[in-house]
Amino acid sequence: MAQKRDYYEVLGVDKNATADDLKKAYRKLAIQYHPDKQQGKSDAEKKAAEEKFKEAAEAYNVLSDPDKRARYDQFGFAGEQMGGGGYGGGMSMEDILRQFGDLFGGFGGFGGFGDFFGGGGGQAQQRVKRGSDLRVRVKMTLNEVAKGTEKKLRIPRMKSCDHCHGTGAKDGTALETCPTCKGSGVEVRMQRTMFGTMQSQSVCHTCGGSGKRIKETCPHCSGKGLVRKEEVVSINIPAGVADGMTLRVGRQGNDAPGGGVPGDLLVVIEEVRDAQLTRDGNDLIYNLMLDIPTAVLGGKVDVPTVDGKARVTIKPGTQPGSILRLRGKGLPSAERYGTGDLLINVMVYMPEKLNDKEKEAITMLQNSEHVKPNDSDKSRIFSRLRHIFD
């Protein structure tokens, strides 16, 4: 798969471009790669022009939306699945028509977007219906967060009825023109007022704006065109996601009634609490409890990581409250800006019960010169522990 080009590069603008700059740049490309401009060229050249237009449309779709643009500026293409919506990758011609047809209309001597997408005839393009979104929660362990994972979810959703092909009509029989609006999809009312005759327009109450009416409803879906089905959906979740983050999977929600564009699947991340490691942003924290001999004499201990264990060297005289740092042993950044660290918070266990022999050994050390701290030792140790109270 070809690597995507930077959206700013696609439109030929810099990152400080205004909304007007973006619109002008996109308009220029749309004219350049318009089908009427490709007359007499080879099929390969026409195909390349079509891909260029789609690329420009996708770039404009992102950069003209303040939320999508901010997410793209911060996360790049990795932000496509984060937050409140996708970037619009893989836009179809239908998508481009729906989102940009009203914005630009015709281009001088060229046909309008309706002609470009096969509409023609100068008639108003009917609004594309869109299915509703679905929301699911997905549990993830720290190990899955660290590496990214693929989840297979069994999701009940509304799908187009196989018997009527989503029309809602029995056995897929033909629809008839709505007698109320005569196929226009709107009802026009005339009302006499003190200022003269006023005209108002509203969506047809009989056909809901489709301009068609079902003669006989499909018994399998009761004329709705949709039935409830349970399907398995595979979702690739990138590394570095966090609890509460929402990923948007395009066109995996409910189908639209009567055909159209399916809704999206919103995947809410639910991070499973780890028994040993605590997350702090991209860093991980582990509370290490040392016994007195190891803290005093030093040694080697094993600490857990997201993918196993790591051996750590304890220096002689390690104090409670010391922080040991294992760089790169935390979680990757969702923005792909590096990996966090594993912070080991050292604590020393003070025995609560001692037998006579153990008490005798401790008593022998009680008055030792190196067991009791002097003023310099106290100052040095307290300065290290200050971070606990800050």
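The first residue of the sequence shown is numbered 1, and numbering continues consecutively from there. Please read these numbers as outputs of a predicted model, since none were measured by experiment.
Looking at D291, its side chain does come within 3.5 Å of a backbone N or O of T294 through a donor-acceptor pair. The closest donor-acceptor contact from the side chain of S184 to the backbone of V186 lies under 3.5 Å. A donor-acceptor distance shorter than 3.5 angstrom exists from the side chain of N254 to the backbone of M158, with no hydrogens or angles considered. In this structure, the side chain of E150 does not engage the main chain of S234 through any donor-acceptor pair within 3.5 Å. Using a distance-only test at 3.5 Å, with no hydrogens or angles considered, a donor-acceptor pair links the side chain of D341 to the main chain of G328. Put simply, the side chain of T217 never gets that close to the backbone of G223: no donor and acceptor are under 3.5 Å apart. Without hydrogens or angle criteria, D133 side chain to G263 main chain gives no donor-acceptor distance under 3.5 Å. E216 contributes no side-chain N or O that, together with a main-chain N or O of I214, makes up a donor-acceptor pair within less than 3.5 Å.
Atom CG of N374 has more than 12 neighbouring heavy atoms from other residues, nucleotides or ligands inside a 6.0 Å radius. Shown here is K224, whose NZ atom has no more than 12 heavy atoms of other residues, nucleotides or ligands within 6.0 Å. Other residues, nucleotides and ligands place more than 12 heavy atoms under 6.0 Å from the CE atom of M190.
Each of R251, R130, R157 was compared with D264 under the salt bridge (Lys or Arg N to Asp or Glu O under 4.0 Å) criterion, and only R130 meets it. Tested against V301, the residues I314, L324, T313, V346 include a single side-chain contact (heavy atoms from CB on, under 4.5 Å) partner, I314.
At a threshold of 4.5 Å between non-hydrogen side-chain atoms, the residues T206 and C181 do not count as touching. Within the 4.5 Å cutoff, side-chain heavy atoms of D255 are placed close to those of P262. Side-chain contact between K52 and L29: absent, with no pair of heavy atoms (C-beta onward) separated by less than 4.5 Å. V303 is listed as a side-chain neighbour of L326, based on a closest heavy-atom distance under 4.5 Å. Contact of the I235 side chain with the L265 side chain is registered, since non-hydrogen atoms from C-beta on lie closer than 4.5 Å. At least one side-chain heavy atom of V348 sits under 4.5 Å from a side-chain heavy atom of I292.
Judged by distance alone, the side chains of S202 and R189 do bring a donor and an acceptor atom under 3.5 Å apart. Using modelled atom types, one finds no donor on one side chain facing an acceptor on the other under 3.5 Å when comparing Y60 with R27.
Here CE of M347 is found 4.0 Å from CG of N287. Values are rounded to the nearest 0.5 Å. Separating the CG atom in D283 from the NZ atom in K329 is a distance of 14.5 Å, to the nearest 0.5 Å. Distance check: E50 CD to E55 CD gives 13.0 Å after rounding to the nearest 0.5 Å. For the atom pair CG (D280) and CD1 (I285), the distance works out to 4.5 Å, reported to the nearest 0.5 Å. Taken from NZ in K41 to CG in D43, the straight-line distance is 13.0 Å, to the nearest 0.5 Å. K170 NZ to C164 SG: the interatomic distance, rounded to the nearest 0.5 Å, is 12.5 Å.
Linking Ile, Leu, Val, Met, Phe, Trp and Tyr residues whenever their side-chain heavy atoms come within less than 4.5 Å places V296 and M350 in a single cluster. In the hydrophobic clustering of ILVMFWY residues, with side-chain heavy atoms under 4.5 Å counting as a link, V233 and I237 come out together.
Heavy-atom minimum distance, G240 versus A334: O-CB, 3.5 Å. The two residues Q276 and Y286 have their closest heavy-atom pair at O-CD1, 3.5 Å. A242 approaches E271 most closely through the heavy-atom pair CA-OE1, 4.2 Å. Heavy atoms only, all atoms of each residue included: C218 and C161 are closest at SG-SG, 4.0 Å. Nearest approach of V145 to M140, heavy atoms of both residues: N-CE, 3.9 Å. Nearest heavy-atom pair, T305 versus L277, reported as atom, atom and distance to 0.1 Å: C-CD1, 3.8 Å.
Under the salt bridge (Lys or Arg N to Asp or Glu O under 4.0 Å) criterion, K229 pairs with D162, sequence neighbours left out. For the side-chain contact (heavy atoms from CB on, under 4.5 Å) test, residues two or more places apart in sequence or in another chain that qualify with K212 are L175, T177, S210. In terms of the side chain to side chain donor-acceptor pair (under 3.5 Å) criterion, residue partners of R311 (sequence neighbours excluded) are, by chain and number, D302.
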Under 3.5 Å donor-acceptor pairs involving side-chain atoms of residues 9-19, not counting sequence neighbours:
| from | atom 1 | to | atom 2 | distance (Å) |
| --- | --- | --- | --- | --- |
| D14 | OD1 | N16 | N | 2.9 |
| D14 | OD1 | A17 | N | 3.1 |
| T18 | OG1 | D21 | N | 3.2 |
| T18 | OG1 | D21 | OD2 | 3.1 |

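Ring-plane geometry between H220 and H163 is classed as parallel, the angle between the planes falling under 30 degrees on a 0 to 90 degree scale with a further cut at 60. Classified by interplanar angle (parallel below 30°, tilted 30° to 60°, perpendicular above 60°), the ring pair Y72/Y7 is tilted.
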- [ ] Report the C-alpha distance between K54 and Y33 in whole Å, list the side-chain angles of each, state the deciding distance to 0.1 Å, and finish with yes or no for side chain to side chain contact (heavy atoms under 4.5 Å, CB included).
- [x] CA-CA 10 Å; K54 287 184 178 180; Y33 296 114; over 6 Å; no
- [ ] Walk me through it: do N143 and D307 pass the test side chain to side chain contact (heavy atoms under 4.5 Å, CB included)?
- [x] CA-CA 6 Å; N143 183 269; D307 55 0; 4.1 Å; yes
Open item on the list: Could you walk me through whether L284 and R279 satisfy the side chain to side chain contact (heavy atoms under 4.5 Å, CB included) test, starting with their C-alpha distance in whole Å, then the side-chain angles of each, then the deciding distance to 0.1 Å, before giving a yes or no?
Closed with: CA-CA 5 Å; L284 295 174; R279 182 173 184 175; 4.2 Å; yes
- [ ] Tell me, with the steps shown, if N345 and I323 meet side chain to side chain contact (heavy atoms under 4.5 Å, CB included).
- [x] CA-CA 5 Å; N345 179 35; I323 301 294; 3.6 Å; yes
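Within the structure, salt bridge (charged side-chain N to carboxylate O under 4.0 Å, His left out) contacts touching residues 354-375 (residues at least two apart or in different chains) do not occur. Each salt bridge (charged side-chain N to carboxylate O under 4.0 Å, His left out) pair with one or both residues in residues 136-147, not counting sequence neighbours, appears once here: R137-E270, E144-K151.
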